[in-house]
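Chain letters run A, B, ... following the sequence lines, proteins first, then strands; residues in each count from 1.
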Protein chains: 2
Amino acid sequence: MNRASTHPQLQSIKVACSNCNLRELCMPVGLDEQQLKRIDEVVAVRRKVKRGSTLFRNGEPFTSLFAIRTGFFKTCVATEDGRDQVTGFQMAGEIIGLDGIVHDHHTCDAVALEDAEVCVMPFDRIEELSREVAALQQHVHKIMSREIVREHGVMLLLGSMRAEERLAAFLLNLVQRLHARGFSQSELVLRMTREEIGSYLGLKLETVSRTFSKFVEEGIVEVKQRHVRIVDTAALKRIVNSQQGSH
Amino acid sequence: MNRASTHPQLQSIKVACSNCNLRELCMPVGLDEQQLKRIDEVVAVRRKVKRGSTLFRNGEPFTSLFAIRTGFFKTCVATEDGRDQVTGFQMAGEIIGLDGIVHDHHTCDAVALEDAEVCVMPFDRIEELSREVAALQQHVHKIMSREIVREHGVMLLLGSMRAEERLAAFLLNLVQRLHARGFSQSELVLRMTREEIGSYLGLKLETVSRTFSKFVEEGIVEVKQRHVRIVDTAALKRIVNSQQGSH
DNA sequence: CGCTCCTTTGAGCTAAGTCAAACCCGGTGG
DNA sequence: CCACCGGGTTTGACTTAGCTCAAAGGAGCG
């Protein structure tokens, strides 16, 4: 059952879900001993993904969801004519691959922005087990619903905010998620380029850069390359609901 | 069990799901007799929603998903500071309310744009039954995944298309969905105002209006009020991937 | 050390927004 | 029946946020 020997990217599991420190992020809570043990079985295997390479790609058959253990991903969709759009950035404890369920193949690309490791969870096994463990079933539903709600937020951002509001919202969101994982509330290292940020926010990379510079001038943040330090969180929050940007 | 008498908006069910002509839109396929019968039990009741009134509202407790039987809805999210964004338009056979699952309360408003009737499906019943009927379980997963994929498309539209592309994509999408319901491939009646279209597409109502006028000048569509007739579908499709709009 | 990729900044342009006026159409009431 | 009203729509004139193009600095890596 140890497939590590046959495929360099795959490796057998050392840490069970029930012991994983990301447990409260990607698993249901309040399970008894026995249920926990069964859920451990959902994760078939781990897989390492090198920075710059894809976990899955648009068009590939869908078989599994992936829980990010370490690392950082972007997901992006593309049109035939080559333009593409980053639809999200995902970090440890988050689940990717939900897009693949409808048509049994993926409809976006997931690219590692830094070396990463994911838990591979075969979807048929998830379905099987969540028919038996109600808490798991609910958890799966909530994860999907959360993704829908998240995307509503992005639509609001893309549809009705100005550049400064978008970037402010983006930074606040990132730092808040990092904080939930035990990192600083005010410092972060961007794992993506200005162009990727721009794609996500519906802006050009130059606009992202200029907006960063503006924030720096105003003393709201300090920026050194990809390292960002938020000096005035309140100001960022004020920018996000400044209302003047209703287009 | 007939609650019609106690509440004017509610009424007992005359058409069972198994006989509903929208069956193939909102229900799983390939069920046997007995499973069908059980699924009929999911729909507790029907509810009528008058044009202009809400099916549910941001903040209200979530209990049920709704399958639209007749009518037309919009869903919209709002920020504290009062600006809002239409996140989608839904028609017969589509499911709304998925946003409520994560936090047990709704995070957007659903407003009827014409008199409508929905099937109320208590979510705990759906969960219960989908633990027993694998086909229903899969169906629920696919519906949620489909919504995620749809929103990816909207993000692409909002993030990287110009006004003409957005409107063209919008019209093609609407007419395609109407066609799947047996309506014309080329004629449609818009149920929403220019402002609502604009909100959905991230444009101002004047821009929507001007873009319509432009399409009329170019002979691509005919517009009389809310009645739209698509004269040149191919031209619309060409506009959607015109690529020059990559911003 | 030189290359490549990323980022910043400037200068000018343009798509879409803002503001304002007029129009259209269905509904209401005199 | 017609005048009026109000929401929705169209169109024009002007403004502007963000885009495009271009050039010039870093920073990391072989």
Charged N-O contact under 4.0 Å between B/Arg51 and B/Glu114
no

Taking only N and O in the side chain of A/Ser213, is any of them less than 4.0 Å away from OP1 or OP2 of C/dT9?
yes

Picking from C/dA16, D/dT9, D/dG18, the nucleotide nearest the side-chain atoms of B/Leu205 would be D/dT9

If I take atom CE in residue A/Met161 and atom C1' in nucleotide D/dA17, what distance separates them, rounded to the nearest angstrom?
16 Å

Quickly work out the B/Glu196 CD to D/dG7 C1' distance and round it to whole Å.
12 Å

Among C/dA15, C/dT8, D/dT9, find the nucleotide with the atom closest to the side chain of B/Ser209.
D/dT9

Honestly, is B/Arg194 close enough over B/Phe212, meaning NZ or CZ under 6.0 Å from the six-membered ring centre and within 45° of the axis?
yes

Would you indicate what A/Leu203 reaches in the nucleic acid, counting non-hydrogen atoms under 4.0 angstrom: base, sugar-phosphate, or nothing?
sugar-phosphate

Residues A/Arg146, A/Glu94: salt bridge by 4.0 Å N-O rule
no

In whole angstrom, what separates B/Leu158's CG from C/dA16's C1'?
15 Å

For C/dA16, does OP1 or OP2 lie under 4.0 Å from any side-chain N or O of B/Thr207?
no

When rounded to whole Å, the CG to P distance for the pair B/Leu190 and D/dG8 reads 14 Å

Rounded to whole Å, CD of B/Glu206 lies from P of C/dC19 at a distance of 10 Å

Taking the inter-plane angle between the rings of B/His106 and B/Phe62 on a 0 to 90° scale, is it parallel (under 30°), tilted (30 to 60°) or perpendicular (over 60°)?
perpendicular

D/dT9, OP1 or OP2 - any side-chain N/O from B/Arg226 closer than 4.0 Å?
yes

Taking the nucleotide of DNA chain C with the nearest heavy atom to each, does A/Arg210 or B/Glu164 sit closer to the 5' end?
A/Arg210

Integer-rounded Å distance: C/dT7 P and A/Gln225 CD
8 Å

What's the shortest heavy-atom distance between A/Thr54 and A/Arg57, and which atoms?
OG1-NH2, 3.7 Å

Please give, in whole Å, the distance from D/dG8 P to B/Arg191 CZ?
16 Å

Once you round it to whole Å, what is the distance between P of C/dC6 and NZ of A/Lys204?
15 Å

N/O (side chain, A/Thr193) to phosphate O (OP1/OP2, C/dC5) under 4.0 Å:
no

